[in-house]
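Let me begin by presenting the structure, written as structure tokens, before commenting on it.
Residue numbers begin at 1 in each chain, while the letters A, B, ... track the order of the sequences. All values below come from the heavy atoms of this structure, side chains included, with hydrogens, waters and symmetry mates left out. Given the structure is predicted, the values throughout are model-derived calculations rather than measurements.
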Amino acid sequence: AQSVAQPEDQVNVAEGNPLTVKCTYSVSGNPYLFWYVQYPNRGLQFLLKYITGDNLVKGSYGFEAEFNKSQTSFHLKKPSALVSDSALYFCAVRTPGGSYIPTFGRGTSLIVHP
Amino acid sequence: DGGITQSPKYLFRKEGQNVTLSCEQNLNHDAMYWYRQDPGQGLRLIYYSQIVNDFQKGDIAEGYSVSREKKESFPLTVTSAQKNPTAFYLCASRDRPDGINYGYTFGSGTRLTVV
């Protein structure tokens, strides 16, 4: 079985400050991890993924995420938040093989204040 | 540009009606998926199809039906058996089930409201 937890329903940060959106996972075997962003009434957009290799993954719009196997975490980060980063963020996990269906977290609403 | 088109963007359904949500992709992707999104519940998988003429139930398939007669198209019918259909519906695709890109491409969604 695979599962994802996003422990925060909402994250508030001031523009220009660093932001972190948390994600922890549980899988049997090696994880494939993903972050997506959703703007209101839109579909999800792919931000970044971890498959293998370097634990620090860089993605779109200046976002990055760090894979931590010992803590089973894949937190999303950005050094300096923008008001336009305000959106709903989803973490997802799947394993190689099987049905190839990822499990999504419940989402975290990021609000960046001017 | 390649992508996924969902239509309509907004849909209103009367009690007891069946309605069909359209999902078309020109990405030449093999696998297609339907998700339901409710506030605070994330995405829940309704149905998926990894190849033409084949599809599988997801976690919440009751009250829904799909078909996959063409690679490009994966319509979702919300039947009258679905007691709480008001939600945002998202269609997604991937180039192969194990896709080299590993991630999904999503459509812009259809918001269905029961009136």
Item to check | Part of B/Y89 within contact of chain A (heavy atom distance under 4.5 Å) | outcome: neither
Within the supplied structure, the quantity of interest is the number of heavy atoms (other residues, nucleotides, ligands) at a distance under 6.0 Å from [X] [atom1]; does it exceed 12?
{"X": "A/K22", "atom1": "NZ", "value": "no"}
{"X": "A/N55", "atom1": "CG", "value": "yes"}
{"X": "A/Q10", "atom1": "CD", "value": "yes"}
{"X": "B/R13", "atom1": "CZ", "value": "yes"}
{"X": "B/I51", "atom1": "CD1", "value": "no"}

Next on the checklist: Quick check for you: among B/C91, B/G109, B/G107, which has the greatest number of heavy-atom pairs under 4.5 Å with chain A?
Outcome noted: B/G107
Next on the checklist: So, taking the atom named CD1 in A/I101 and the one named OH in B/Y48, what distance separates them when rounded to the nearest 0.5 Å?
Outcome noted: 5.0 Å
Item to check | Minimum side-chain heavy-atom gap B/Q37-A/F104 below 4.5 Å | outcome: no
Item to check | Which residues share a salt bridge (Lys or Arg N to Asp or Glu O under 4.0 Å) with B/D59, sequence neighbours left out | outcome: none
Next on the checklist: Could you work out, with salt bridge (Lys or Arg N to Asp or Glu O under 4.0 Å) as the rule, every residue matching A/R42, not counting sequence neighbours?
Outcome noted: none
Item to check | Check: B/Y104 side chain, A/L44 main-chain N or O, donor-acceptor pair, under 3.5 Å | outcome: no
Heavy-atom pair of closest approach, residues [X] and [Y]:
{"X": "B/F88", "Y": "A/N41", "value": "CZ-C, 3.8 Å"}
{"X": "B/G42", "Y": "A/F90", "value": "CA-CE2, 3.7 Å"}
{"X": "B/R94", "Y": "A/P102", "value": "NH1-CD, 4.2 Å"}

Next on the checklist: Quick check on A/Q38 against chain B: is it the side chain, the backbone, both or neither that has a heavy atom closer than 4.5 Å?
Outcome noted: side chain
